[in-house]
Amino acid sequence: MESKLRELLSDAELLGFYEQMVLSREFEESCAEQYTKGHITGFLHLYSGQEAVAVGTTAGLQKEDYILSAYRDHAQAIVRGADPNRVMAELFGKATGICKGKGGSMHLFDPKLNFMGGYAIVAGQFPIAVGLAFAAKLKQEERIVTCFFGDGSMNQGNFHEALNWSRVWDLPVLYICENNFYGIGTVVQRASALPALHRRTCGYDIPSEKVDGMDVIAVYEAVKRAAAWIRERQRPYFIEAVTYRFRGHSMADPATYRSSAEQEIWRSRDPIPNFAKRLIDEGITDQAALDEIDARCTARVEEAVRFAEESPWPEDSAVWEDIYV
Amino acid sequence: MSEMTYRDALNLALKEEMRRDPRVITFGEDVALYEGSFKVTRGLLAEFGEDRVRDSPISENTIAGVAIGAAMGGMRPVAELMTINFALLAMDQLINHMAKVRYMFGGQVFLPMVVRMPSGGGSQLAAQHSQSLETYFMHCPGMRIAYPATPADAKGLLKTAIRDDNPVVFIEHEILYNSKGEVPEDPEFLVPFGVCNVMREGTDVTIVGYGRMAVLSLMAAAELEKEGISCEVIDLRTLNPLDEATFLKSAARTGRAVVVEECWRTAGLGADIACRIFENCFDRLLAPVKRVSGLDVPMPYSRKLEKLCIPSVAGIVEAVREVMAASY
Ligand SMILES: Cc1ncc(C[n+]2csc(CCOP(=O)(O)OP(=O)(O)O)c2C)c(N)n1
Ligand SMILES: [Mg+2]
């Protein structure tokens, strides 16, 4: 059978997408367990269901491109290359964490990966993304800035001011809206005058498109195209990835505002088994090979938990460090 | 009297005031269908309907501004900001507008509005979600600020806030929501603004706190009693108006004072309270006033570090011991 996927990507790349999605899912489900055990505290917002967006987007970018996100940021950081051990240690509040235990779940950051932070103030990342793009442009760098955000954040002034600014100054920003239809318990139609979110950019003359956020290949292709367009024209672009979070807003949210019928429909669109089926149908791999990947991811996450458990707590003196240069 | 949580006492206050006055309305992020992220607005949508209980977009500055406009237009809005941290996005409407409108328009208008906001640290929510910003508001004239410490005060102060014709910033402590206490059932039970609550009488030292800090101070006083130190614990209840008279009289009588604040120490409200005590009671003080404060750092996530940043019972006990041992 001829494979459409093979026209786009090598087998190794395709299996890599699968592995990254599985690793993300395993990581999140393990976080839920560690939260229940009391090892992870505070707010914990899991990404389960949305993996195709992080994986497809990251694959469509160059390594030097900046990425910013909100508080639902574990998968985005790990897919970008963050060490799962150090991310898990951060969630445990340990000294070996990616931010020395100071940031926690909502505030991952790794400048070596050009992962420029998870921000917990809704829409706080927009102006910063524009500033990074401004710096890149002034320095005549090739890179673009990718800013992840949720549907709910588009009702903040920060969003509108940043979009307008990035077009007035023509800055290389790729806006990736993860429309999972809810901002906590408020469904998008009840918060956005125009629920077709990608159409909201016309007021800023920023081109946009909508993509199936449960399809890693669709996201990848859209981002790759958009990134090339931005790099060439040095102008902002907007992608709405339609997706769904399988869990509540955070671990504290029982998510009773979503019908089980709605959840079932979206569960049937789970990006991982659907992509697995496609890989098998197109003859790229078989179930046994996928099972092996699954087992590898499980082991990888178990190692991360072990690392986090065995890591030391920060010294008390650390509380005074890192405030000023 | 019936025993209830701080959360339920706030909820009861909202319900009673909404029943009493049809002009009382409430809105904010997830307050209606979701019944509030801390469930303070539970049952309001069912009882009062969508016109009076509404979910807003995530737009804090506009939540505050719409409350101002609605108040100007004859309603008595109670807006909810999901937490005090997000009030920073609303500072333009709160400080530049809400606190100024009446004065700059020569007293021709008043704003009978309340902006509720949960506050405080201690739940490992890290730097952007654990702030204690009460001083930011207290610094600015033109608004009332209430901060209940007990379930009874939660009810009585919120009812007073809703009936007050001034704009009121109403701060609730996230960790106190589940705390329990006796609350009067009387729908006319009000706690007046500008009157401290002397939570415990004592003769050796005055401890001044507010919100959760008053609760911790009370616990510290119980510990200190075992050592034979008699503490008078004063809860400010409202930061504006500030009932100076009560804590000054107390400090003048005991001759020693400790001020407990959850906010950062530098230029925090504790410095203001301590200064008032020094200014007014200097000749009666037996020892310098001491402050117990939040550490001057952004809040770290790690619970091991977070603990160091927030005043504790042990920290208050220690400060009182030091004040008792000190002299001029
Ligand atoms: C300024 C601000 N307001 C409110 C909140 C509380 N809050 C956290 S997440 C959230 C919903 C955001 O929804 P969305 O942007 O769709 O992202 P999702 O959680 O769906 O990924 C809200 C209201 C916040 N963190 N910051
Ligand atoms: Mg959303």
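In what follows, chains are A, B, ... by sequence order, proteins preceding strands, each numbered from 1.
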What part of A:I323 gets closer than 4.5 Å to chain B, counting heavy atoms only: side chain, backbone, both or neither? side chain

Is B:R116 paired with B:E80 through a side-chain N to carboxylate O contact shorter than 4.0 Å? yes

For the residue pair A:F149 and A:F126, is the inter-centroid distance of their aromatic rings smaller than 6.0 Å? yes

Salt-bridge criterion met for A:E309 and A:R306 (N-O under 4.0 Å): no

Cation-pi check for B:Y34 against B:K39: NZ or CZ below 6.0 Å from the six-membered ring centre and within 45 degrees of the axis, yes or no? yes

Show the nearest heavy-atom pair for residues A:I98 and A:V87, with the distance to one decimal. CD1-CG2, 4.3 Å

Are A:E90 and A:R86 close enough for a salt bridge, meaning some N to O gap below 4.0 Å? no

Between chain A and each of B:L89, B:T62, B:N61, count heavy-atom pairs under 4.5 Å; write down the option with the most. B:L89

Atom CZ of residue position B:R54 - does it have more than 12 heavy atoms of other residues, nucleotides or ligands inside 6.0 Å? no

Proximity breakdown for A:I40 and chain B, heavy-atom pairs closer than 4.5 Å: both

By a 4.5 Å heavy-atom criterion (distance strictly below it), what part of B:E29 contacts chain A: side chain, backbone, both, or neither? neither

A:Y119 side chain near A:M106 side chain, heavy-atom distance below 4.5 Å: no

Salt bridge check: are B:E47 and B:R52 linked by an N-O gap of less than 4.0 Å? no

Part of B:S59 lying under 4.5 Å from any heavy atom of chain A: both

Bottom line for A:Y257: the part with an atom under 4.5 Å from chain B's heavy atoms is side chain

Where on A:F92 is there a heavy atom nearer than 4.5 Å to chain B: the side chain, the backbone, both, or neither? backbone

Residue from B:L125, B:D30, B:L305 scoring the most non-hydrogen pairs under 4.5 Å with chain A is B:D30

Heavy-atom pairs under 4.5 Å with chain B: which of A:D322, A:V122, A:D316 has the most? A:D316

For chain A, find its close neighbours in residues 296-304 of chain B: heavy-atom separation under 4.5 Å, sorted by number, or none. B:D296, B:V297, B:P298, B:M299, B:P300, B:Y301, B:S302, B:R303, B:K304

Please tell me whether B:N11 and B:K15 have a donor and an acceptor in their side chains that are separated by less than 3.5 angstrom. yes

Is a salt bridge present between B:E322 and B:K290, judged by a nitrogen-to-oxygen distance below 4.0 Å? yes

Is A:D253 in contact with chain B via its backbone, its side chain, both, or neither, using a 4.5 Å heavy-atom distance? both

